[in-house]
Amino acid sequence: MSDTNNVFSPRPKIAIIGGGISGLSAAWHAQKQGFDVELFEAQNRLGGVLGTIHWEGRLIEGAADNFATMDDEAIRWCRELGLDQQFIPPEKDHRRAMVLFRGRPIPIPGGFSLVQPTRIWPIITTPILSWFGKLRLLSEYFVPKRDSKEDESLQDFACRRLGKETFVRLVEPIVGGIFTADPQKLSMQATLPQFVEMEREHGGLIKGWFAQRRKNRKNPKTAGSRGAIEQQASGARYAQFLAPKSGMSWWIEEIAKQLTATKIHLNAKVQSLKRNREQSEAGSVGRWSVELRTGEVKSFDAVVIATPSKTAGDLLHPSFADVGELIGRFRAASSAVAVMILRKQDIAKMAWCFGIVVPAIENRKVLAISFTSLKYPGRVQEDEILVRLFLGGAMHPDLLKLSHEQLIEVASEELREIIGWEGKAVWSDVIRWESAMPQYDVGHLQQVELIEKLLEAHDPTIRLAGATYRGVGVPQCIRSGRRAIEALQVTLQPK
């Protein structure tokens, strides 16, 4: 049972474990509330997976290179930080995505957004689908809605509503690639809840599109809304993304500069987390003891764990074995990003677009190819193209066993066959992310809700944040840090 009736200090001490974007958000919001904050990061830098490589005037991102503004959590925080003017949208030229079809990059049909068709003519004219596949897709209008409220996989949802061909050729590469996940296991409720709700409210995806159009006609102010934007989308909704002009590492450094009331500890791996129930009730020390790898022990009134699931589970298990075990069940996929700078003159059949997604049916080793310098000019020289190839994930884990040199050769072969590249890279590197992408399996949100209820019952002075729980995107991670602090504020400073 919870025992939170003890008297806390006027400025409760909060430990933030993890210095990725979730932990930084938690630290910033905690110091804003006047808490005494210390942040512990096991690595020698902040930012987690977010980071920028600088090479001879080039700017190369190792993971996410932008964030979505359709969910306004990240851009609102940037405004509060006073940094929003330093973010730029993608270039208007080449603002489209392609999908590999029989070895050739073909534009994703205009208006096809994740799993929703919003324009008929591009569907009719695309060579990606057969006439049977097109008719099956357009007949989605007549598919009855699902009565069950139980979660289902991306594959089950897409095949049921759109047909297998559309799933295989469009949905699987577009959505599965975003989450580097197995579409047979990927939860709809956890990843694309807006489309689940659309089916429940309107009876289907095309019907939901018509409903949005009627709403836009009645209220012209909604013309720039999510629904209106998605009607014009080709794959990713590029108009609704922003990137820091000087790179993700710059953004992390600017956030850190504003953590003036936070003690930041780098190379500070937390070895264990112990609950000091008896001492805290006596008021002599904090409720939690944080032991570092060096053997140093610090006391805190509350803790936010903003780490990957394995670390969070290990830290919680000694105090709350049930919670630690549940968190330990969450899976995470590993991936690698092969980054290459190519000369434009060495590319025979360049796909002038922001990126290419690759369906599993194409039997290739690459999941997706991003032409980053076409999205954000100035990151390499004018006669060069910065290319990032995504490898591994849940569907190709064996690729991660390859060496650095072997992965570069795999990436080179893919580029030779897909875009006709012949030449030598100006620069190349491989960035590995071990167990860095949480896998939102069917039933994920129900598992998260159970964990949160158990923690609340055990002791509400400990909270969780990060990509493991309610969204892998930058805005969702920032929100998780903010909400963790808001929950602690209620617990530590009751009115």
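Side chains included, hydrogens not; waters and symmetry mates left out as well; all remaining heavy atoms used.
- A donor-acceptor contact shorter than 3.5 Å links the side chain of Glu41 to the backbone of Gly19.
- Side-chain atoms of Gln439 come within 3.5 Å of backbone N or O of Met437 as a donor-acceptor pair.
- Rounded to the nearest 0.5 angstrom, Thr69 OG1 and Leu242 CG are separated by 5.0 Å.
- Electrostatic pairing of Glu254 and Lys257 counts as a salt bridge here, judged by a charged N lying under 4.0 Å from a carboxylate O.
- Although no hydrogens or angles enter the test, the distance criterion places no donor-acceptor pair under 3.5 Å between the side chain of His202 and the main chain of Met198.
- Ion pairing between a basic and an acidic side chain is recognised when a charged N comes within 4.0 Å of a carboxylate O; Arg379 and Asp65 show no such pairing.
- No side-chain heavy atom of Arg463 sits under 4.5 Å from any side-chain heavy atom of Val303.
- Note that CD of Glu91 is 10.0 Å distant from OH of Tyr376, once rounded to the nearest 0.5 Å.
- Using a distance-only test at 3.5 Å, with no hydrogens or angles considered, no donor-acceptor pair links the side chain of Ser187 to the main chain of Tyr440.
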For this session: Show your working on side chain to side chain contact (heavy atoms under 4.5 Å, CB included) between Leu162 and Leu170 and close with a plain yes or no.
Result: CA-CA 10 Å; Leu162 306 170; Leu170 290 172; over 6 Å; no
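- Arg293 places no side-chain N or O within donor-acceptor distance of the main-chain N or O of Glu296, the cut-off being under 3.5 Å.
- When each of Lys145, Arg161, Arg146 is tested with Glu199 by the rule side chain to side chain donor-acceptor pair (under 3.5 Å), just one qualifies, namely Arg161.
- Arg160 and Asp156 are not joined by a salt bridge, as no carboxylate oxygen comes within less than 4.0 angstrom of a charged side-chain nitrogen.
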Kindly list each side-chain donor-acceptor pair under 3.5 angstrom involving residues 314-326, sequence neighbours excluded, with atom names and distances?
{"unit_1": "Asp314", "atom_1": "OD2", "unit_2": "Lys310", "atom_2": "NZ", "d": "3.0"}
{"unit_1": "Asp322", "atom_1": "OD1", "unit_2": "His458", "atom_2": "NE2", "d": "3.1"}
{"unit_1": "Asp322", "atom_1": "OD2", "unit_2": "His458", "atom_2": "NE2", "d": "3.0"}
{"unit_1": "Glu325", "atom_1": "OE2", "unit_2": "Arg329", "atom_2": "NH2", "d": "3.2"}

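- Not counting sequence neighbours, Phe167 has no partner by the ring-ring contact (aromatic ring centres under 6.0 Å, His included) test.
- Judged purely by distance below 3.5 Å, without hydrogens or angles, the side chains of Gln116 and Ser113 never pair a donor atom with an acceptor atom.
- In this structure, Arg432 contributes its side chain and Leu400 its backbone to a donor-acceptor pair below 3.5 Å.
- Considering all non-hydrogen atoms of both residues, Thr307 and Ile17 come closest at CG2-O, 3.3 Å.
- If you take CG on Leu402 and CD1 on Ile408, they are separated by 11.5 Å, rounding to the nearest 0.5 Å.
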For this session: Let me see the working for Ile462 and Leu273 under side chain to side chain contact (heavy atoms under 4.5 Å, CB included), right down to the final yes or no.
Result: CA-CA 11 Å; Ile462 190 159; Leu273 180 65; 3.5 Å; yes
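- Here the shortest heavy-atom pairing between Ser153 and Pro183 reads CB-O, 3.5 Å.
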For this session: Please lay out, stage by stage, how Gln155 and Gln184 fare under the test side chain to side chain contact (heavy atoms under 4.5 Å, CB included).
Result: CA-CA 5 Å; Gln155 181 169 329; Gln184 295 184 57; 2.7 Å; yes
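- Between the side chain of Gln31 and the main chain of Gln258, a donor-acceptor pair closer than 3.5 Å is present.
- For Met248 against Asn66, the heavy-atom pair with the smallest separation is CE-N, 3.5 Å.
- In this structure the side chain of Val366 never reaches within 4.5 angstrom of the side chain of Leu100, judged on heavy atoms.
- Shown here for Thr468 and Ser309, the closest heavy-atom pair between the two residues is OG1-N, 3.5 Å.
- Here the CG atom belonging to Leu389 is positioned 5.0 Å from the CD1 atom belonging to Ile369, to the nearest 0.5 angstrom.
- Side-chain N or O atoms of Arg11 include one that pairs as donor or acceptor with a backbone N or O of Phe35 at under 3.5 Å.
- No side-chain heavy atom of Glu56 sits less than 4.5 Å from a side-chain heavy atom of Trp427.
- Electrostatic pairing of Lys365 and Glu413 does not count as a salt bridge here, judged by no charged N lying under 4.0 Å from a carboxylate O.
- Checked by atom type and distance alone, the side chain of Gln86 never pairs as donor or acceptor with a backbone atom of Ser246 at under 3.5 Å.
- Checked by atom type, the side-chain pair Trp250/Thr52 shows no donor-acceptor distance below 3.5 Å.
- Side-chain contact between Thr180 and Met395 is absent, with no heavy atoms from C-beta onward closer than 4.5 Å.
- Here CD of Glu434 is found 8.5 Å from OG of Ser335. Values are rounded to the nearest 0.5 Å.
- The structure places NE2 of His396 at 14.5 Å from OG of Ser334, a figure rounded to the nearest 0.5 Å.
- Inspection of the Gln189 and Gln446 side chains reveals an N or O donor paired with an N or O acceptor under 3.5 Å.
- Annotation for Ala30 and Val37: closest pair CB-CG2, 3.6 Å, computed over non-hydrogen atoms.
- Side-chain contact between Val358 and Pro173: absent, with no pair of heavy atoms (C-beta onward) separated by less than 4.5 Å.
- When side chains are defined from C-beta on, Ser412 counts as touching Met340, because their heavy atoms get closer than 4.5 Å.
- Within 6.0 Å of CD in Gln43 there are 12 or fewer heavy atoms belonging to other residues, nucleotides or ligands.
- When side chains are defined from C-beta on, Ile255 counts as touching Ile21, because their heavy atoms get closer than 4.5 Å.
- With sequence neighbours excluded, the residues satisfying side chain to side chain donor-acceptor pair (under 3.5 Å) with Arg58 are Glu384.
- Between Trp251 and Phe67, the distance separating the two ring centers is shorter than 6.0 angstrom.
- When atom types are taken as modelled, the side chain of Asp301 and the backbone of Lys13 share a donor-acceptor pair closer than 3.5 angstrom.
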For this session: Using the side chain to side chain contact (heavy atoms under 4.5 Å, CB included) rule, take Leu154 and Phe179 through it: C-alpha gap first, then chi angles, then the decisive distance, then the call.
Result: CA-CA 11 Å; Leu154 169 68; Phe179 296 96; over 6 Å; no
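- Considering every non-hydrogen atom in both Ala333 and Ala394, the closest pair reads CB-N, 3.8 Å.
- Side-chain atoms of Gln194 and Leu114, non-hydrogen and from C-beta on, do get closer than 4.5 Å to each other.
- Between the side chains of Glu38 and His265, at least one donor-acceptor pair of N or O atoms lies under 3.5 Å.
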